2 protein chains.
Amino acid sequence: MAQANRRRTNRRTIYTTLRQMVLKLELPPGAALSENELAAQLGVSRTPVRESLILLAQEGLVQVFPQIGSFVSRVDPAQVADAQFLREAVELASLDDLPPELDPALLDELRDNLDRQQRPRLGLEEFFELDEAFHQGLMRLSGHGNAWTTVAAAKGHLDRARRLGLVENASPAVFAAQHREIFDAVVGADVALARTAMRTHLRAVFNDIERIRAHSPELFASDPSAVPVRRNVVVWE
Amino acid sequence: MAQANRRRTNRRTIYTTLRQMVLKLELPPGAALSENELAAQLGVSRTPVRESLILLAQEGLVQVFPQIGSFVSRVDPAQVADAQFLREAVELASLDDLPPELDPALLDELRDNLDRQQRPRLGLEEFFELDEAFHQGLMRLSGHGNAWTTVAAAKGHLDRARRLGLVENASPAVFAAQHREIFDAVVGADVALARTAMRTHLRAVFNDIERIRAHSPELFASDPSAVPVRRNVVVWE
DNA sequence: CGAGCAGTACTTGTATACAAGCATCTGTCG
DNA sequence: CGACAGATGCTTGTATACAAGTACTGCTCG
């Protein structure tokens, strides 16, 4: 949120690149990340790579074990549940703070977003971007767009679990319909209905996770304090 | 939350030290932080100091301007409001999740905490620690202790504003009474009353801030994107 | 053949040197 | 006296060398 200067620096680009790769599961949970290797592949020195890994470690997306190695953290069900609780609390509270007059420009943006969600051949990545923008847009309606940033930073584990889920059943249509339901309730100033619809929507996403975990247990952490083993993994391409 | 290994490392100690100094206003908002200077004063090289500052910058407690300098960020009223919204949403939602049977050990811990809050000659720092532990304890009652960690990491600006407020009027007794009121409602399984009391308590803290800002405007950021000036400030002692 | 031990190749943590850029001070010139 | 230009000293960003420690590998010895 708060990095002061937007000046383009190696660390910033590497950080955002690695973060996206982790969230998009291009760097799968458990993958070994060598500072030297990454630096060589990115054509920079260890310094910006290392500083990026430290930031990702603070977010919980990476685990750094001194003298052992750095690894993409496995999806931790406890952290997924924490993030679910957090986002649900914040998004529902945001609905309570909706002003009587909603910003027309924002409403148009949300309507356009919803239309795109229903496009016939929508890619998974596109849907995820639209989904994120939709939820953030709702919070901006009540003036809490910045709080969404904090939530977004804390829900890395939840996002990766959701991605695993959508990769499997690949039916964003249901979620798109739920989005429209929420939006209609908001426009209709029916806060109670909006809350119910939002809660149903968020829980539907969350409830998929146990099924996914049964299907791909190796991507989840059974013991979060366990140290992964070092493996030769093709990291870059 | 997520740093993998608890092995004692220079960066970890420096990070926690600096973080505490910022939150306790020993490093006042706007103070200039030179990596070289800090490194010399702490007897280490720039590396662990620099990495600590990067982490603090990601939390929003420090601003780093390349080729200009690093500064303790001024208290940003917008970020204070964001944190207030976040913590209120999370703590109220946590009350909704209280289980029918409350953990007796935790209840004892909270009772002991409340007793200490009413000790006659209670120092300000002690009260802050008790306050933090009390609110975290409440969230642990509903199994959301980890979510509190995320909130705690995001509310640095709010905490500093609160500290400024308590330094001025110095009456923790009111807050201690509110704490007990919340606790009694929780024990009595009166969720509605607990929510009301919690909301009143959190807002009482928050409403002090505008008054403080009028009193000490130089510690607040009027324009968050403005670059502070470099000054020779005695940082360490 | 098997167990143990030393060597080796890797890891991250830390220190240090250099690069690029901003701000201020000072000397010079109009 | 005032304004401008260059030197100087600071800042953070990056690259690199070394230190400390882990884990595996392969040899040696029983």
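Not measured: the values here are computed from a predicted model. Worth knowing before you read on, the calculation uses all heavy atoms, side chains too, and leaves out hydrogens, waters and symmetry mates. Chain A is the first sequence line, chain B the second, and so forth, proteins listed ahead of strands; every chain is numbered from 1.
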Rounding to an integer number of Å, can you tell me how far [X] [atom1] sits from [N] [atom2]?
X       : N      : atom1 : atom2 : answer
B:Leu55 : C:dG13 : CG    : P     : 12 Å
B:Leu42 : C:dA15 : CG    : P     : 11 Å
B:Glu35 : C:dG21 : CD    : P     : 18 Å
B:Arg11 : C:dA15 : CZ    : P     : 13 Å

Would you say [X] places a side-chain N or O within less than 4.0 Å of OP1 or OP2 belonging to [N]?
X       : N      : answer
A:Ser70 : C:dT11 : no
A:Thr9  : D:dT14 : yes
B:Ser34 : D:dT11 : yes

*With respect to the side chain of A:Glu51, which nucleotide from C:dA15, D:dT14, C:dC22 is positioned closest?*
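It is D:dT14.
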
*Report the nucleotide, chosen from D:dT22, D:dT12, D:dT14, that has the shortest atom-to-atom distance to any side-chain atom of B:Val64.*
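Of the options given, the side chain of B:Val64 lies nearest D:dT12.
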
*Specify the closest pair of heavy atoms between B:Ser94 and B:Leu138, including all atoms of both residues, with the distance to one decimal.*
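Residues B:Ser94 and B:Leu138, closest heavy atoms: OG-O, 4.2 Å.
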
*Hey, are B:Ser70 and B:Arg50 close enough side-chain-wise for a donor-acceptor pair under 3.5 Å?*
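Not at all, the side chains of B:Arg50 and B:Ser70 share no donor-acceptor pair under 3.5 Å.
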
*Side-chain H-bond candidate by donor/acceptor type, A:His179 with A:Asp131, under 3.5 Å*: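 The criterion, which ignores hydrogens and geometry beyond distance, is satisfied for A:Asp131 and A:His179.
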
*Starting at the 5' end of DNA chain C and moving along, which residue's nearest nucleotide shows up first, A:Thr47 or A:Leu53?*
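Comparing both residues, the 5'-ward one is A:Leu53.
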
_Here's a test of your reading of the structure: between B:Arg50 and A:Arg46, which maps to the more 5' nucleotide of DNA chain D?_
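Closer to the 5' end of DNA chain D: B:Arg50.
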
*asked:* Quick check: any donor-acceptor pair below 3.5 Å linking the side-chain of A:Gln67 to the base of C:dT11?
replied: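 Side chain to base: no pair below 3.5 Å.
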
*asked:* So that I can tick it off, tell me whether A:Asp112 and A:Arg116 are bridged by a salt bridge, with the cut-off set at under 4.0 angstrom between side-chain N and carboxylate O.
replied: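 A salt bridge links A:Arg116 with A:Asp112.
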
*Scan B:Asn10 against the nucleic acid and name what it touches under 4.0 Å (heavy atoms): base, sugar-phosphate only, or nothing.*
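Sugar-phosphate: the residue B:Asn10, judged by heavy atoms under 4.0 Å, touches backbone atoms but no base.
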
